[in-house]
Amino acid sequence: MPKRHWPLYLSLALFLRLLLMIGLAPSRSHGAPSQTLMDAPRQRTQSPIVTGTSVIGLKYKDGVMLAADTLASYGSLARYKSVERIRPVGESTLLGASGEYSDFQAIMEMLEDQTQEDRNMDDGFKRAPAEVHSYLRAVMYNRRNKMNPLWNYLLIAGVNPRTGGFFLGSVDHIGTAYEDDILATGFGAHLALPILRRRWRADMEEGEARALLEDCMRVLFYRDCRALNRIQIAKATREGVLVSDPYTIETSWSLAAFAQPKAGADTDGSW
Amino acid sequence: MFRNQYDTDVTVWSPQGRLHQVEYAMEAVKQGSACLGLTSKTHAVLCALKRSPNELGSYQEKIMKIDDHMGISIAGLTADARMLAKYMRTEALNHKYVYGTQLQANRLATDLADMHQRCTQSYVRRPYGVGMLIAAHDATGPHLMETSPSGNYFEYVAMAIGARSQSAKTYLEKHYQDFPAASVDDLIKHGLKALSGCITGDKELDVASVSVAIVGAGQAFEEVQGARLQAFLDAIEVEGDAAAPAPAGEPEAPADVPAPMDEGIA
């Protein structure tokens, strides 16, 4: 066994380190089975992270109304319980969003830039909700074509400032866009739409419309595990747009099935 | 032509505070044959005099459609106008795709004026040698706007540009109070009467040398041609020479003198 020569070992170590510093060292990943993050194929958003659940909307006698709860979930965790998912856009449009909350914030920034530009032009032109809807359709479809979607399902509601006509439309994260008298996103499409279909009328008074939306939000809170009983309702009328402060809806848990979910049944835990 | 040492570059000021190259570009607009526009509460009308380079040649088109709600009439270098028209059509189409509605005319005019302005501040580009009248009907009603190589743009009730346009301007200034309540037909007649003052020598307005286009509420941009146009020409002839003002005295270059670039100027 050769005698150890410490100064030589030391200088060799320093030399290798020098090579490493100036980038001459042989690539460690070369031929190695494991890939670094930079070598891996580039991936875009494949699922949302912080999410809001359903938004529901309907037209009524004097305008259009939207409702949403104030929860932003982190996976199944009820992470942020006081976020506003319905926002005004300009003077006559409302935007409600389910899906990735940060993407909704980015969309709001785009729309606020546009609203500011409209204001700066000062030419008397008023943007209609249908234009906001069409714009968002173009944005969402463009982003999905870049394989980098904004992960939201949006409801756009408002009153056309030129004609006074009511507008309610939706856009999803791949740019599918349509209009209807009643709309619901996410779980709402399964749980709230049937209720809306049964009870909605075009000539509903504001109070009736509000009560219907609250009933829908209550059912969603009972059955959608990502929903909250703290909600906001917003309306767009010919007088303008108004988003309510968040408030808590009444719930009742006195039903026997709620109180004793497994009573009298040998189930696997579900009732 | 008058020259001086400060006119070789757009970006160089003369001591008098002028940009000569920009002013030369505006001169190209004055060399172009006349065109004018006028508006009522519901409609906008464009009228233009077309030139033919040759007895056997076709007339150079003066009016171009941009979209269903908008069109332009041009005076100056036609080739430059075609570039700008292409840009305008693209913008109008893009707006229709993104917003689903028609582009506001004043916003397009602003963008267009910005394009003109950029050329007045860069030595790598030449100012566009074209003046434009934009007639449109959008969400805020009928509009008539003028753009010029200097980057200025204005909205008008009625306006005329191009060779001998002073005569038309005088007519329009005299009659503009009748325009807001006027029908489209009356607007066209006013336009043709104003245009008749811009014509050279012994020539007369005829279907081949005149372009008329209308746009308005419930009326897509459309050129009035053939028998329809002839009817208007006949009507103003019947209504008498009293309406046609004597050509006002603006000392302008005689437009029919052959210039090196005459073919490109309409």
Side-chain angles (χ1 to χ4, degrees), chain A residues 89-93 95 107 110-146 150 154 156-171 174-180 238, chain B residues 39-44 66-70 88-117 133-147 151-157 180 215-220:
Chain A
V89 177
E91 285 164 24
S92 50
T93 305
L95 177 62
I107 288 168
M110 287 182 225
L111 291 172
E112 274 156 15
D113 285 352
Q114 190 176 83
T115 307
Q116 185 57 247
E117 200 163 310
D118 281 347
R119 220 195 306 277
N120 294 349
M121 291 303 288
D122 194 26
D123 55 5
F125 173 73
K126 292 187 170 120
R127 205 163 282 291
E131 291 174 304
V132 176
H133 180 248
S134 182
Y135 169 76
L136 289 171
R137 182 213 91 246
V139 168
M140 298 306 246
Y141 184 62
N142 181 244
R143 287 291 297 260
R144 87 116 221 190
N145 282 347
K146 289 181 182 164
L150 292 163
L154 306 166
I156 296 96
V159 178
N160 187 318
R162 275 116 59 180
T163 64
F166 304 150
F167 181 90
L168 179 62
S170 72
V171 182
I174 52 173
T176 315
Y178 54 92
E179 294 171 44
D180 208 339
R238 294 190 175 114
Chain B
T39 56
S40 70
K41 271 186 196 152
T42 54
H43 288 77
I66 300 301
D67 200 348
D68 280 339
H69 72 306
M70 190 185 323
M88 292 172 83
R89 286 170 182 153
T90 310
E91 289 293 298
L93 197 59
N94 191 242
H95 188 280
K96 214 189 281 181
Y97 170 69
V98 173
Y99 295 99
T101 53
Q102 282 164 335
L103 176 58
Q104 285 287 300
N106 68 302
R107 300 208 174 178
L108 183 56
T110 312
D111 289 345
L112 208 58
D114 288 348
M115 282 180 83
H116 282 117
Q117 196 279 339
L133 291 174
I134 306 169
H137 185 275
D138 59 26
T140 49
H143 299 285
L144 175 69
M145 271 160 294
E146 182 207 357
T147 65
N152 284 316
Y153 72 104
F154 299 100
E155 178 155 10
Y156 291 99
V157 171
V215 66
Q219 165 70 61

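In what follows, chains are A, B, ... by sequence order, proteins preceding strands, each numbered from 1.
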Take atom OH in Tyr141(A); do more than 12 heavy atoms of anything else shown fall under 6.0 Å from it? no

Can you establish whether the number of heavy atoms outside Glu91(A) located under 6.0 Å from its atom CD is more than 12? no

Among Asp118(A), Val139(A), Leu136(A), Asn142(A), which residue has the highest count of heavy-atom pairs closer than 4.5 Å to chain B? Asp118(A)

Tell me if the NZ atom of Lys96(B) is crowded by more than 12 foreign heavy atoms within 6.0 Å. yes

Which value, rounded to the nearest 0.5 Å, describes the distance between Gln104(B) atom CD and Arg127(A) atom CZ? 8.5 Å

Between Ala130(A), Ala128(A), Ala138(A), Ser134(A), which has the largest tally of heavy atom pairs under 4.5 Å with chain B? Ser134(A)

Do Glu155(B) and Asp123(A) touch side chain to side chain, with heavy atoms closer than 4.5 Å? no

Heavy-atom closest contact (Thr140(B) atom, Gly124(A) atom, distance): CG2-O, 4.0 Å

Nearest 0.5 angstrom please: Phe125(A) CZ to Leu103(B) CG, how far? 9.0 Å

Is Asn160(A) close to chain B through its backbone or its side chain, or both, or neither, when contacts mean heavy atoms under 4.5 Å? neither

